2 protein chains.
Amino acid sequence: MRDTYLLGEAANVTGGQVVFRSECPSRPILDQIADKWSMMIMAVLERPTRFNELMRRLEGVTQRVLTQSLRRLERNGMIRRTVLPTSPVGVEYSLTPLGESLREPFGHLYAWTVEHSAQIQQAQQAYDHGTTPTA
Amino acid sequence: MRDTYLLGEAANVTGGQVVFRSECPSRPILDQIADKWSMMIMAVLERPTRFNELMRRLEGVTQRVLTQSLRRLERNGMIRRTVLPTSPVGVEYSLTPLGESLREPFGHLYAWTVEHSAQIQQAQQAYDHGTTPTA
DNA sequence: CAGCATCCAATTAGATACTG
DNA sequence: CAGTATCTAATTGGATGCTG
């Protein structure tokens, strides 16, 4: 017995009300994977990629933040870190099957942002002008 | 001409390399909508909801953060703020059509986190134990 | 090459008190 | 009821220098 909410699978229904509990396991997960760098990293990791190539392809990311994001994704089982037996040392990052499976929902979300970015910018301008537009 | 990446619609292809530009409009959008409270707020806003009911149903959110999240969602055109002509003053939040259209990609992402949360927790424990599991 | 360590600036969040 | 204001604590991020 549950009503027709799209989100909230892990939320509890208390007295007919959907409540998003703080112990819900989806919370830290969303926190960790739904940030912009994670999404872009996983986009680039369509194929195995080296650290410096990742840096070059994610314009604006710093070494520190990229490293942290990679560690977190690795810890969450989304990516694999492979040390290559080359001379100056090389590290390659690649998606795990779990990470692969995230590409699809991420893709939907990303596609949505691209499709609606113009509309969102309009809304922002309208809001910043005189609050709340007619649209 | 573009290769088969799922994400990166708005990225530029330079010399055969997909580069995620810092001016890409999807960046601030992802920043703003892909945080945990926005997702949960929009989940609750399946139907119009008052401020205090939102607070009650989003366990752990503070008044301050909820207000900020709501303002941001409103600014981005995702939700509408309606002042009700009741006696002590009531405010009702509801999704705009734009916000409605986000529920589907959000739903996919949320469903994914629920489906895979056990697997992710396993990966985390394995990582925290002795780095990088066999899986 | 692929980081880690450190320092510091800035942003964000919690707690608390007050208001139309 | 639905916030705003303020202060402070904690987190995050950039910059820089160093290393196996």
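Predicted, not measured: the structure shown is a model, and the values here were computed from it. Every heavy atom of this structure was used, including side-chain atoms; hydrogens, water molecules and symmetry mates were not. Proteins get letters first, then strands, A, B, ... in listed order; numbering begins at 1 in each.
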- Item | T67(A) side chain, from C-beta outward: closest of dG3(D), dC4(C), dC1(D) | dC4(C)
Show me the donor-acceptor pairs within less than 3.5 Å that the side chains of residues 117-126 of chain A make with the rest of the protein, sequence neighbours left out.
unit_1  : atom_1 : unit_2  : atom_2 : d
S117(A) : OG     : V114(A) : O      : 3.4
Q124(A) : NE2    : N76(B)  : OD1    : 2.6

- Residue that, paired with E53(A), satisfies side-chain hydrogen bond (donor to acceptor under 3.5 Å, both in side chains) out of R56(A), R57(A), R50(A): R57(A)
- Query: So, is R50(B) near the phosphate of dC1(D), with a side-chain N or O under 4.0 Å from OP1 or OP2?
  - Reply: no
- Close side-chain approach of V61(A) and L54(A), heavy atoms under 4.5 Å: no
- Message: Nearest whole Å is fine: how far is dA2(D) C1' from I41(B) CD1?
- Response: 15 Å
- The ring-ring contact (aromatic ring centres under 6.0 Å, His included) partners of W112(B) (sequence neighbours excluded) come to H116(B)
- Task: Could you tell me the separation between the CZ atom of F51(B) and the C1' atom of dT19(C), rounded to a whole number of Å?
- Result: 14 Å
- Tell me which nucleotide among dA17(C), dA2(C), dC1(D) gets nearest to the side chain of Q63(B). dA17(C)
- Item | Lys/Arg-Asp/Glu bridge criterion (N-O < 4.0 Å) met for E92(A), R81(A) | no
- Query: What does the inter-axis angle of the helix from dC1(C)-dG20(D) to dG20(C)-dC1(D) come out as, five pairs per end, nearest 10 degrees?
  - Reply: 60°
- Query: Between Y93(A) and dG3(C), is there a side-chain N or O to OP1/OP2 distance below 4.0 Å?
  - Reply: yes
- Item | Distance in angstrom units between D31(A) CG and dT12(C) C1', rounded | 13 Å
- Any idea how F51(B) and Y93(B) line up, ring-wise: parallel (<30°), tilted (30 to 60°), or perpendicular (>60°)? tilted
- Message: Pick the closest DNA chain C nucleotide for L70(A) and for P88(B) by heavy atoms, then say which residue is nearer the 5' end.
- Response: L70(A)
- Message: So, using side-chain hydrogen bond (donor to acceptor under 3.5 Å, both in side chains) as the criterion, who are the partners of R27(A) when residues are at least two apart?
- Response: none
- Could you list the residues that satisfy side-chain contact (heavy atoms from CB on, under 4.5 Å) with T86(A), not counting sequence neighbours? L84(A), P88(A)
- Item | d(CG, L84(B); C1', dG3(D)) in whole Å | 15 Å
- Spacing of E92(A) atom CD relative to dA2(C) atom C1', expressed in whole Å: 14 Å
- Message: What is the distance, to the nearest angstrom, from the CZ atom on R56(B) to the C1' atom on dG3(D)?
- Response: 15 Å
- Query: For L95(A) and I79(A), which heavy atoms make the closest approach, and how far apart are they?
  - Reply: CD2-CG2, 3.9 Å
- Item | N52(A) side-chain proximity, nearest of dC1(C), dG3(C), dT4(D) | dC1(C)
Return the polar atom pairs (N/O with N/O) between nucleotides 10-14 of chain D and the protein under 3.5 Å, or none.
unit_1  : atom_1 : unit_2 : atom_2 : d
dG13(D) : N7     : R64(A) : NH1    : 3.0
dG14(D) : OP2    : T62(A) : OG1    : 3.3
dG14(D) : O6     : R64(A) : NE     : 3.3

- Whole angstrom value for the distance that separates P of dT11(C) from CZ of R72(B): 15 Å
- Task: Would you mind reading off the distance between R71(B) atom CZ and dA13(C) atom P, rounded to a whole angstrom?
- Result: 16 Å
